[in-house]
Structure formats: C-alpha cells, structure tokens
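Scroll down for the structure; my scribbles are underneath it.
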Amino acid sequence: MTLRLFNTLSGQPDPLTPADGKALRMYACGPTVYDYGHIGNFRTFLEIDVLRRFLRLTGVAVRHVMNITDVDDKIIRNAAAAGLPIGEYTARYEQAFFEDLDALRVERPEQIARATEHIPRMVELVERLERAGAAYKTEDGSWYFRLASFPAYGKLSKKDLSGMEDGARVDVDEYEKDSARDFALWKAAKPGETSWDTPIGRGRPGWHIECSAMAMEYLGESFDLHAGGEDLMFPHHENEIAQSETATGKQFARHWMHVHFLLADGRKMSKSEGNFYTLRDLLLKGFKASAIRLALISVPYRHQLNFTFDVLTEATNAIERLRTFHHRLTGTKWPEGASSQMVGMNLSVAEEAETARKKFREALSNDLNTAEARAAIFDLVRSINTKADAGALAQQDIPVILEALQDFDAVFDVIEDRDAEPSRRALEWAEQAGRMDEVAPELLARQALSDEQVEALVAERTQAKKRRDFARADQIRSELADKGIVIEDSKDGVRWKRK
RNA sequence: GCAUCGGUGGCGAAGUGGCUAACGCGCAGGUCUGCAAAACCUGUAUACGCGGGUUCGAUCCCCGCCCGGUGCUCCA
C-alpha cells in the first residue's frame, strides 16, 4: 500500500516512494534554537513523525535529515543580550528542544545537521553559484542570489513574480542589490557579530543556503522529500529550490510536504495575543504529554488545527478509553473458548481486527488521514468491548486485536502510559526556572505519592473492604482521589491510575 | 488588494454525486457495585454557511455572496 502524499509542487497527492528503491531520503526544516519551542512548532515535527512512523510501518526505510539553525539574527541578538557566546546560548535551547521532542515521543531523525558545523559546504555552494553567474557580492561584502537567473522561481508557492518589475517601485540602490527580491546567501560580518573567515569573505550564512547545503551533503543533489511548516513554503523553500537547482541543474526535492499551522483560540499564536504556549506551559498546567501528542496529530496535517484546552481534554479522555481497553484485553483471563459458537465468534473477531487494521492503513495511505485512521481503531474498540461484555471473547482472539492496536500505536504512540516522566521533568524545570507559581495544583497532587505508596494504600483499602470496613476503605479512596488517583474496581481486581 | 484554505449535530472532526453522513468528546439512560467511582453498553441531537446553476438526483461539481483563518516580512 503506497502512501499518497499531497505534493505542494505538483498540487496533488503523489505516491511517495524512495527513488533509489532503498530508503526514502527526506529533509525536514528543524528549529531555530533561540528560545523554547511552542506547540505550533511541535505540530510540524509531530506530523513529520507520523509520516516517518507510517512509512516504517509499511516497510519503507527512511533516511531523515533535520537541520538545527544555530546561527541567525535572533540568536545573535539574544545571545548578546544574555552575554553568552552563541554556541553556549544555542546549546541550552537545542537541548530543551530535544527534551520536548522526547516528551512528545517524536522520533529522532537519522541525521541532525547544525548550521555552524557546515559553513564550508555553504561557502562552496555560494562559490558554485557565483561560477554559474547566479550569485554576486555587494559592496558591504554580502552575497546575493540573482533571482533573474532562475526563471522557474515561484513554482512551489505558485507565485507569479514576473509582473513585479524591479526598480519600478523599489529603490534598488537602497538595497545594494541588483533586484529588491534577490535574497541573501551570505551576510557580511558586522562589528562584534559572530562570523566566519572564508574564501568568500568574513560573515555568516543566510538562512536559505544552510538548508540547501546540508540537504545535499547528506541526501545528495536530488532527493525524495522535503518537509516543513506551511510558512516556509515562501520564501524559504522557494529560495532553496532556486539556489539548489541553479547550482546543480537537477531537481532538488521531488516531493514537498507542508504542514499547516496550528491556531490557538482561533488565531495564530503570538505572544502579544496571549495565546502562545510552549510544551512546558501545558505540562505545568497538568496536561499530559500523550494528550498533547494525540490532540496535535488527530487533525490531518493539511488542515489548520485550532488548539484549545478543550481539545486537550478531549484527547486525554480518548486516550483513557484506549488505555483502558488495552488493559482490559491484557489484564483479563478470557475463556479458552472451544465451543462451536465461540469458534464462529473468533473468526469474526479476527476479521474485524483485520478490517480495522486495513482501514487504519488505508486512511493513513490517503495523505495521512489521521482522523479516519483513529476512527477505525475506535470502531474496533467499541465492537470488541461489546463482545467482551457479552462473554463472546476468547483468549485466542486477543493477539489479533493487540496487533491492530500495535499498528495504531506504531504511529500514534499514546497507549503505553509514559506520561509521568515528562511531567516530572517539567516540574523540575519549573523549579529551576523559578516558575513554580505556574504549576497547576493537580499536577503537584499527582506527583505527591509514589507508585509504591499508592500500591500500599490500594492494598490497604482492599483489606478494609474484605473485612467490610467500608468507612476506612472510602476514606482511602477519597484520600487517593485528592491526589488525582482514580480507583477502578472490577471483577478482575483493582486498577488505579493517575488522572 | 492578490493568493490560498475552510464554514458538517453542543464541541472537535472525517467523508461521500444517490445507500443508516464516520469517529472522539460531551450529555442522558442502563449494566456492574457495600455505596460510589471507574469501566462498558445503549441512546442522543431539525448537523452539511447563503443564493443561484449543472444533473434524473448535490453536503459533495460550477458561479456569486457572506463569514473566518492563513500567506504575500522573521516565523513550524
């Protein structure tokens, strides 16, 4: 089942397959590490994670390169303000970025590429463009790409820039450029700024050249897929195409994927709007990392997603349903089931699970329709629960159902509860950063008891119930409830969970 | 202004030229329970922005309009 993924370049869903028949070579624009990432940033990385996980699920090997922009205007400005060398400044935020990815269970790319570690390759590319007559140096020592040398400019974002006559409305001299739209390849060093001494002069790379150089370094001059947020389509990706294809004469990326924006409370996130959230903000509010992950990937990547706390609550509850279901399957002794009736049932359970699996994969094959994929699994959950309630589920049915859940979790990765760790780390961080005042009381309460302490109390309650000391049992129950711990009594024993 | 995406039940969100318009959350009832909770089941809702057109038939295609988002500058 080949994935058909919408290709911005062709304007339609195209099959996505490795050109070399071995591994899918993909490049994804990573973060600029000048601050903590916000959840809008992470939506992009999460959707790319869904892509790579689904490719793997369908047997496609992936070679995924992600850049880290660790030098740019904002970094230089912020590092100077903090009185730190940019390397020290960015290291902190790069580490935070990876911690956040871990919390969200975003897989690491096969290759991380830091801009500052690839300066020579960028310089080479600028030189190559100069030889091709597409790059020129201005008086201050900066280098620009001559847009006029690449007639196909605009093919990705479908912009027709031919109507924009240079010089007509723009004072060319003011820009020191041949054309106002020419973009910087290399920025001349200003006094005191971080810079590199290179054959093309002292300075630092422009943003666009960075990605072109590093993509080619690790993936070759032509590769399968380039991905990023929708805002990068223009001008960043357009510029990458222009400079790369001018330099090599080959198609740069065959396929372009753009993840659409996340809105918060109906608007684009911005600090001034007060709807700006980092992952850490949300963890401190008591939301679980898994809920954030599910919420951000449940809406297909080509739709804008309106992020609200309600969406997180919905995701939290939906995950609870899945986890409870999984626990029920694995934690119950099902009858071995040998009756002819049972045999008939088993067949239908197996069929149902297979159908769910098939629908799940088909939905994701269709331009990563995560909403529909999710629905296929919930259909299965309800149906199996019904059978289980009716006593029509046997032990040998379980594996095939679990396989369907495994497929789901190979991509969604929310069923296994690993939420304690990110929350604990967020708390630690809040302590160090002096932000304990932002911590939700529920989160603190939830952290108050260790698993062992909870187990002990649960055991004590069970004893109390046995001797019909309901007062004590209820006292423990309500004590635990205060700490965000829910007790679930059932025929198969007691289960507890952190709310 | 130009471009682009969207407007589906209380909320989020799929999807389809004709078949009961998914799924999740919420809500209600039931089962279970020492009582609860949790869990599960069932049910729930006059839901396809408005007006034209094409068609035997449109929520789905075309045109116009209204509303909202985003891009056109750094930005995932």
Side-chain angles (χ1 to χ4, degrees), chain A residues 8 11 28-32 34-35 37-48 69 72-74 77 154 157-161 163-164 207 227-236 238 258-263 266-270 294-296 298-308 310-325 327-328 359 363 366 369-390 464-466 468-471 473-474 477-478 480-481 485-492 494-497 499:
Chain A
T8 308
C29 289
T32 301
Y34 68 98
D35 201 349
H38 61 254
I39 51 164
N41 295 311
F42 290 115
R43 152 118 122 146
T44 299
F45 300 119
L46 279 162
E47 297 288 6
I48 290 169
T69 299
D72 88 325
D73 292 340
K74 268 181 293 218
R77 185 194 65 207
S157 54
K158 317 286 185 258
K159 283 180 193 302
D160 181 9
L161 302 173
M164 306 253 342
W207 176 37
E230 65 169 321
D231 54 317
L232 299 186
M233 192 164 85
F234 184 88
H236 182 53
E238 204 73 76
H258 289 100
V259 179
H260 283 241
F261 264 127
L262 172 142
L263 308 176
R267 316 215 123 256
K268 185 170 164 175
M269 278 202 299
S270 77
L294 183 66
L296 296 191
S298 286
V299 175
Y301 77 95
R302 283 209 301 134
H303 290 259
Q304 287 179 345
L305 162 70
N306 186 17
F307 173 84
T308 60
D310 284 350
V311 164
L312 287 186
T313 303
E314 187 270 338
T316 304
N317 295 339
I319 288 172
E320 234 11 91
R321 181 166 164 86
L322 293 170
R323 287 181 179 171
T324 302
F325 178 68
H327 182 266
R328 182 180 196 187
K359 278 188 175 170
N366 178 20
N369 190 336
T370 45
E372 208 172 315
R374 209 183 103 146
I377 295 305
F378 277 101
D379 276 336
L380 181 68
V381 170
R382 178 174 20 76
S383 168
I384 298 299
N385 269 328
T386 305
K387 285 194 165 63
D389 285 355
K465 278 180 69 179
K466 266 188 188 156
R468 303 190 67 77
D469 180 359
F470 295 122
D474 290 354
R477 183 169 71 194
S478 102
L480 287 171
I485 288 154
V486 181
I487 291 192
E488 190 179 316
D489 292 329
S490 77
K491 287 189 186 101
D492 296 297
V494 186
R495 178 191 174 208
W496 63 270
K497 62 193 177 194
K499 204 172 176 237

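The sequence lines fix the lettering, A, B, ..., with proteins before strands; numbering per chain opens at 1. Fair warning: this is a prediction, and the values are worked out from it, not measured in the lab.
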> Passes salt bridge (Lys or Arg N to Asp or Glu O under 4.0 Å), A/Glu314 versus A/Arg374? Steps please.
Replying inline: CA-CA 14 Å; A/Glu314 187 270 338; A/Arg374 209 183 103 146; 3.0 Å; yes

>> With rounding to the closest Å, how many angstrom separate the P atoms on B/U44 and B/C23?
In response: 12 Å

> Counting side-chain heavy atoms from CB outward, which of B/A13, B/A76, B/A22 is closest to A/Leu232?
Replying inline: B/A76

>> B/G71, OP1 or OP2 - any side-chain N/O from A/Lys268 closer than 4.0 Å?
In response: yes

> Mapping A/Ala473 and A/Met269 onto RNA chain B by nearest heavy atom, which one lands closer to the 5' end?
Replying inline: A/Ala473

> Using a 3.5 Å cut-off on both pairing distances, which stems of three or more Watson-Crick or G-U pairs include RNA chain B?
Replying inline: B:1-7 with B:66-72, B:10-12 with B:23-25, B:26-31 with B:39-44, B:49-53 with B:61-65

> Mind checking the C1' distance from B/A21 to B/C5? Whole angstroms is fine.
Replying inline: 22 Å

> Hey, does the side chain of A/Asn317 come within less than 4.0 Å of B/C25's phosphate (OP1/OP2), counting only N and O?
Replying inline: no

> Is the distance from OP1 or OP2 of B/C23 to the nearest side-chain N or O of A/Arg382 less than 4.0 Å?
Replying inline: yes

> To the side chain of A/Lys497, which of B/G34, B/A38, B/G68 is closest?
Replying inline: B/A38

>> Over all strands shown, is A/Asp310 touching base, sugar-phosphate only, or nothing at heavy-atom distances under 4.0 angstrom?
In response: nothing

> Quantified in whole Å, what is the C1' atom distance between nucleotide B/C11 and nucleotide B/A47?
Replying inline: 12 Å

>> For a quick check of understanding: with a heavy-atom distance under 4.0 Å over all strands, which category does A/Asp72 fall into, base, sugar-phosphate or nothing?
In response: nothing

> How would you label the contact of A/Asp474 with the nucleic acid (heavy atoms, under 4.0 Å): base, sugar-phosphate, or nothing?
Replying inline: base

> Taking the side chain of A/Asn385 as its heavy atoms from C-beta onward, which of B/A76, B/C41, B/U70 lies nearest to it?
Replying inline: B/C41

> With respect to the phosphate group of B/G12, does any side-chain polar atom (N or O) of A/Asn306 fall under 4.0 Å of OP1 or OP2?
Replying inline: no

>> Could you tell me how far B/A14 sits from B/C48 if I compare only their C1' atoms? Round to whole Å.
In response: 12 Å

>> Within the 4.0 Å heavy-atom criterion, would you say A/Val259 contacts the bases, only the backbone, or no part of the nucleic acid?
In response: nothing

> The side chain of A/Thr386 lies closest to which of these nucleotides: B/A37, B/C75, B/C41?
Replying inline: B/C41

>> Is A/Phe45 stacked against the base of B/A76, taking the criterion as centroid distance under 5.5 angstrom and interplanar angle under 30°?
In response: no

> Considering only B/A38, B/A14, B/G24, which nucleotide approaches the side chain of A/Asn369 most closely?
Replying inline: B/A14

>> Taking only the C1' atom of each, what is the distance from B/G15 to B/G6 in whole angstrom?
In response: 15 Å

>> As a test of reading the structure: which of B/C35, B/A22, B/G69 is closest to the side chain of A/Ala375, going by heavy atoms?
In response: B/A22

>> I want to verify a distance call: between B/C75, B/C41, B/G68, whose nearest atom is closest to the A/Arg267 side chain?
In response: B/G68

>> For A/Lys497 and A/Glu320: C-alpha separation, side-chain torsions, deciding distance, then whether salt bridge (Lys or Arg N to Asp or Glu O under 4.0 Å) applies.
In response: CA-CA 10 Å; A/Lys497 62 193 177 194; A/Glu320 234 11 91; 3.4 Å; yes

> Closer to the 5' end of RNA chain B via nearest nucleotide, is it A/Thr313 or A/Leu305?
Replying inline: A/Leu305

>> Counting only side-chain nitrogens and oxygens, does A/Arg302 get under 4.0 Å of the OP1 or OP2 atom of B/U70?
In response: no

>> Can you measure A/Arg321 atom CZ to B/C25 atom P for me and round it to whole angstrom units?
In response: 5 Å

>> Using a 4.0 Å heavy-atom cut-off, does A/His303 contact any base of the nucleic acid, only the sugar-phosphate backbone, or nothing at all?
In response: sugar-phosphate

>> Side chain of A/Val486, heavy atoms from C-beta onward: which of B/A37, B/U70, B/C23 has the nearest atom to it?
In response: B/A37

>> Treating A/Asn366 as the side-chain partner and A/Asn369 as the backbone partner, does any N or O pair qualify as donor plus acceptor under 3.5 Å?
In response: no

>> Between B/U4 and B/G9, how many Å separate the two C1' atoms, rounded to a whole number?
In response: 28 Å

> When rounded to the nearest Å, what value does the distance between P atoms of B/A3 and B/C63 take?
Replying inline: 13 Å

> What nucleotide among B/G12, B/A13, B/A76 has an atom nearest to a side-chain atom of A/Phe261?
Replying inline: B/A76

